[in-house]
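Scroll down for the structure; my scribbles are underneath it.
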Number of protein chains: 2
Amino acid sequence: MEKLNNTLLYTLDKCFRTYNQFAQRNVRKAGYDITIDQWLILKSVAENPNITQNDISKIVFKDNASITRIIQLLIKQDFLTREIHPSDRRRVNLTLTETGKKITIDVNEIALQNRAAALKGIDEESIKLMRDLLQKVIGNCNNGS
Amino acid sequence: MEKLNNTLLYTLDKCFRTYNQFAQRNVRKAGYDITIDQWLILKSVAENPNITQNDISKIVFKDNASITRIIQLLIKQDFLTREIHPSDRRRVNLTLTETGKKITIDVNEIALQNRAAALKGIDEESIKLMRDLLQKVIGNCNNGS
DNA sequence: AAATATTAGTTGATATATCAATTATTGATT
DNA sequence: AATCAATAATTGATATATCAACTAATATTT
């Protein structure tokens, strides 16, 4: 049995977790009481008015049930409102409150800084290359039987 | 605000989740009632007898509290036993049961196949390059203030 | 139009993640 | 030796992940 920590996917795991913790820490340090996951959802609503929860779940790559629960919290925190969609009563209409709009923009600033810090010293070409490789892995996992 | 899905770290997130789901699905499909996370812990015990829970948490990159709870489940499933360490009563001694040993080895086989499938068509050099880049990101996240 | 299938979202159960607080034990200080 | 600091692990609270079962509404079929 080869050692755990020598595989690419172990490094991928580690990188993902390290970056998440780093990003979350910086958001808290700036005084915002929101998780990265919550912010991602606010951001998808901001970018796509009229979006369904189903579509959000695809964008942020989470389960439908998780989206429901995160949105419940966002409503409780007064970042979002939810109404029944007028023409399809199964759907919901999500709208950012003023507070929600503000925090989405503010945290976006921090996210940009986080990204810059995380990718410091890595050139554009390498980033592109890495993204292509990651896409290839994603493809392999989806197609394979 | 630039679109979410165009950043490297979004792709990283997606890749990580896709691979995890893919790997977990294959383990279930082979008939093993264990999560990848649980298996990783069994594997660290197998590779490092006398390991502490603290060390496990560093290896698998999870919180100490999570490790405690996953280990409780592993004991309930009869894959592990836990005793007090003879010379340091704060520590625990973890030992794989026979069932635990077997499943660790079996799932390792599946993990190897998963890895091969996920990395299919990607040459050694690219893998090394990607690993180095990921390490650099990890370094950036850890050093940065 | 009635029966059936599909779709959007919710809920329940269980596992895991994270942070903070706590316990028990050991190590270091004086 | 008594006090204090550090360490190993657990526990509580809350957020999230995942799967399956479910409700309500709309679309499709016959």
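Quick note on labels: first sequence line is chain A, next is B, and so on, each numbered from 1.
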Please determine if a side-chain N or O atom of [X] lies less than 4.0 Å away from the OP1 or OP2 oxygen of [N].
X	N	result
B/Gln72	D/dT10	no
A/Gln24	C/dT18	no
B/Ser66	C/dT18	no
B/Asn64	D/dA9	no

Base, sugar-phosphate, or nothing for [X], non-hydrogen atoms under 4.0 angstrom?
X	value
A/Leu73	sugar-phosphate
A/Thr52	sugar-phosphate
B/Ile70	sugar-phosphate
B/Thr68	base

Measure [atom1]/[X] against [atom2]/[N] and give the value in whole Å, please.
X	N	atom1	atom2	answer
A/Asp13	C/dT16	CG	C1'	13 Å
B/Asp37	D/dT16	CG	P	18 Å
B/Asp33	D/dC19	CG	C1'	13 Å
B/Ile67	C/dA15	CD1	P	16 Å
A/Gln38	D/dA17	CD	P	11 Å
A/Asn20	C/dT16	CG	P	18 Å
A/Gln21	D/dA15	CD	P	18 Å
B/Arg25	D/dA20	CZ	P	12 Å

Tell me which residues in residues 75-92 of chain B lie within less than 4.0 Å of DNA chain D, going by non-hydrogen atoms.
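Those residues are B/Arg82, B/Arg90, B/Arg91, B/Val92.
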Is the closest side-chain donor-acceptor distance between B/Asn48 and B/Asp55 under 3.5 Å?
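Absent: no donor and acceptor within the cut-off.
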Between A/Asp123 and A/Ser126, a side-chain donor and acceptor under 3.5 Å
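Judged by distance alone, the side chains do pair up.
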Would [X] and [Y] pass as an ion pair if we require N to O under 4.0 Å?
X	Y	answer
B/Arg17	B/Asp13	yes
A/Lys101	A/Glu98	yes
B/Asp132	B/Lys136	no

Can you name the nearest heavy-atom pair linking A/Gln53 to A/Val92, along with the distance?
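Minimum heavy-atom contact is OE1-CG2, 3.6 Å.
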Counting distance only, does the side-chain N/O of B/Gln38 pair as donor-acceptor with the main-chain N or O of B/Thr35 below 3.5 Å?
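At least one qualifying donor-acceptor pair exists.
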Distance-only, no hydrogens or angles: does the A/Thr18 side chain make a donor-acceptor pair with backbone N or O of A/Lys14 under 3.5 Å?
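Judged by distance alone, yes, a pair lies under 3.5 Å.
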Side chain of A/Gln53: nearest nucleotide among C/dT10, D/dT11, D/dT16?
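The listed nucleotide nearest to A/Gln53's side chain is C/dT10.
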The side chain of B/Asp63 is closest to which nucleotide in this list: C/dC19, C/dG12, D/dG12?
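It is C/dC19.
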First of A/Arg17 and A/Lys58 reached from the 5' end of DNA chain C, by closest nucleotide:
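This one resolves to A/Lys58.
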